[in-house]
Amino acid sequence: MEGPSLVILKEELEEFRGKKVLKVSGNTKQPKESLRHRTLQRIETWGKQLFLTFSSPARSSTPIVTKTHFLMFGSYRINDPKPERFPRLELKFHNGVVYFYACSIRFGAVGDFDALDPRVDLMSDRWDVAHVIDLMARKQETFLCDLFLDQNVFAGSGNIVKNEVLFNIRRHPLTKLAHVPRRDWPRLAEAVHEYCWNFYVWKKQFQLRRHWQVYRQTKCPLCDSKLVRESLGKFARRSFYCPKDQALQSRQRKLVVFPVLPVEMPDQQENRLEH
Ligand SMILES: [Zn+2]
């Protein structure tokens with residue numbers, strides 16, 4: 001799940017804020033029983049991480065903070081009448097049940113969330129393009145496919161964002177940042193930021209997949225060429241790109257951000273719980 005999906009999850013969890021945990025189960029090795037009888041106090045996200053703060057029942061002990069990362073295959077369900085068999089964590093409140101699956105859950109410390117820099121969180125209202133550009137200055141030799149997955153620079157960006165933004169700027173995944181003129185870096189960072197907010201809107205409308213131009217697609221929507229699928233870069237995550245429209249060039253050239261292509265596919269519901 002990428003940053004925009006975490007923000008949607010946060011919104012969906014709002015109904016449990018201020019509510020007491022009645023029952024806890026799940027196969028996490030963390031001391032989950034200690035959450036019982038505590039009240040969910042704070043719900044926060046940073047990049048791809050969810051932070052839940054549970055108040056102390058006795059007021060004397062400190063609150064507990066859980067940090068959840070959905071990794072590549074994590075998911076969640078809320079009030080699912082047919083939950084899957086092995087949730088990592090299941091939290092029952094009097095007004096509903098939350099299930100987390102295939103994710104990493106760790107018990108952290110109060111203050112862990114506040115220690116993170118909101119200026120790099122693409123979904124934060126404190127996201128700061130000038131700060132992001134300062135960080136990019138140290139990454140001139142980095143491939144764009146790695147830069148767009150670097151959580152220290154673009155917190156919340158994931159493989160969908162990476163592939164779609166690379167297509168929007170018509171660049172090969174192995175383009176080095178140095179091949180984008182410095183004056184275009186704000187536009188580059190904004191392209192990632194803007195895509196994340198489109199992702200958020202589309203997903204809420206159940207229209208995210210309809211807007212995928214190259215991610216998990218087979219043909220280029222511009223020239224009909226067969227898209228290349230390769231695991232590229234330091235992170236070796238799958239890249240989908242058009243060998244013609246996103247050909248690798250070794251010279252520096254002006255950055256152009258093309259608008260996302262209009263959707264022509266028929267209307268269909270999609271599973272909003274993925275990605
Ligand atoms: Zn093409």
Side-chain angles (χ1 to χ4, degrees), residues 1-5 72 122 132 136 139-150 153-154 156-203 205-271 274-275:
M1 298 212 311
E2 307 192 14
S5 303
M72 280 209 263
L122 288 155
V132 170
M136 284 162 62
K139 310 219 172 235
Q140 305 251 9
E141 292 303 305
T142 304
F143 296 130
L144 292 185
C145 66
D146 287 330
L147 181 68
F148 291 167
L149 293 178
D150 186 338
V153 185
F154 292 109
S157 172
N159 215 30
I160 299 170
V161 175
K162 175 197 89 178
N163 281 293
E164 292 294 313
V165 173
L166 282 168
F167 180 75
N168 290 340
I169 60 176
R170 309 289 191 259
R171 293 291 173 110
H172 189 281
L174 297 181
T175 304
K176 287 184 177 174
L177 176 59
H179 288 144
V180 177
R182 178 79 191 232
R183 65 179 174 279
D184 293 340
W185 287 8
R187 199 177 304 147
L188 184 70
E190 291 285 2
V192 180
H193 186 239
E194 193 183 327
Y195 186 83
C196 284
W197 282 100
N198 284 333
F199 182 132
Y200 169 80
V201 170
W202 293 327
K203 187 161 178 178
Q205 297 169 339
F206 308 106
Q207 293 190 348
L208 177 63
R209 290 183 195 191
R210 298 176 61 192
H211 286 88
W212 288 348
Q213 303 162 109
V214 290
Y215 181 75
R216 290 194 185 168
Q217 306 303 303
T218 51
K219 282 187 173 177
C220 173
L222 289 172
C223 71
D224 222 30
S225 295
K226 190 170 185 292
L227 294 175
V228 179
R229 294 182 177 206
E230 282 183 297
S231 296
L232 296 175
K234 180 177 74 174
F235 295 114
R237 296 288 308 279
R238 266 208 301 182
S239 287
F240 300 80
Y241 65 95
C242 172
K244 288 182 184 160
D245 291 295
Q246 295 171 264
L248 186 59
Q249 296 187 21
S250 55
R251 64 187 172 84
Q252 197 181 66
R253 63 191 169 102
K254 187 177 184 301
L255 187 86
V256 180
V257 183
F258 292 87
V260 173
L261 297 172
V263 171
E264 290 171 11
M265 284 162 61
D267 213 7
Q268 59 187 29
Q269 278 249 327
E270 64 180 56
N271 183 355
E274 292 176 22
H275 316 295

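Remember, it's 1-based here, ligands and their atoms both numbered in the order they're listed.
In this structure, K254 and D184 have side chains that are in contact, with non-hydrogen atoms separated by less than 4.5 Å. Side-chain contact between S157 and L122 is present, with at least one heavy-atom pair separated by less than 4.5 Å. Under the 4.5 Å side-chain criterion, counting only non-hydrogen atoms from C-beta, M72 is in contact with R237.
Ion pairing between a basic and an acidic side chain is recognised when a charged N comes within 4.0 Å of a carboxylate O; K139 and D150 show such pairing.
Note on the Zn ion (ligand 1): protein N/O/S atoms under 2.8 Å are C220 SG, C223 SG, C242 SG, D245 OD2.
Residues F167 and W212 place their aromatic rings such that the two centres sit no closer than 6.0 Å.
Side-chain N or O atoms of E230 include none that pairs as donor or acceptor with a backbone N or O of R238 at under 3.5 Å.
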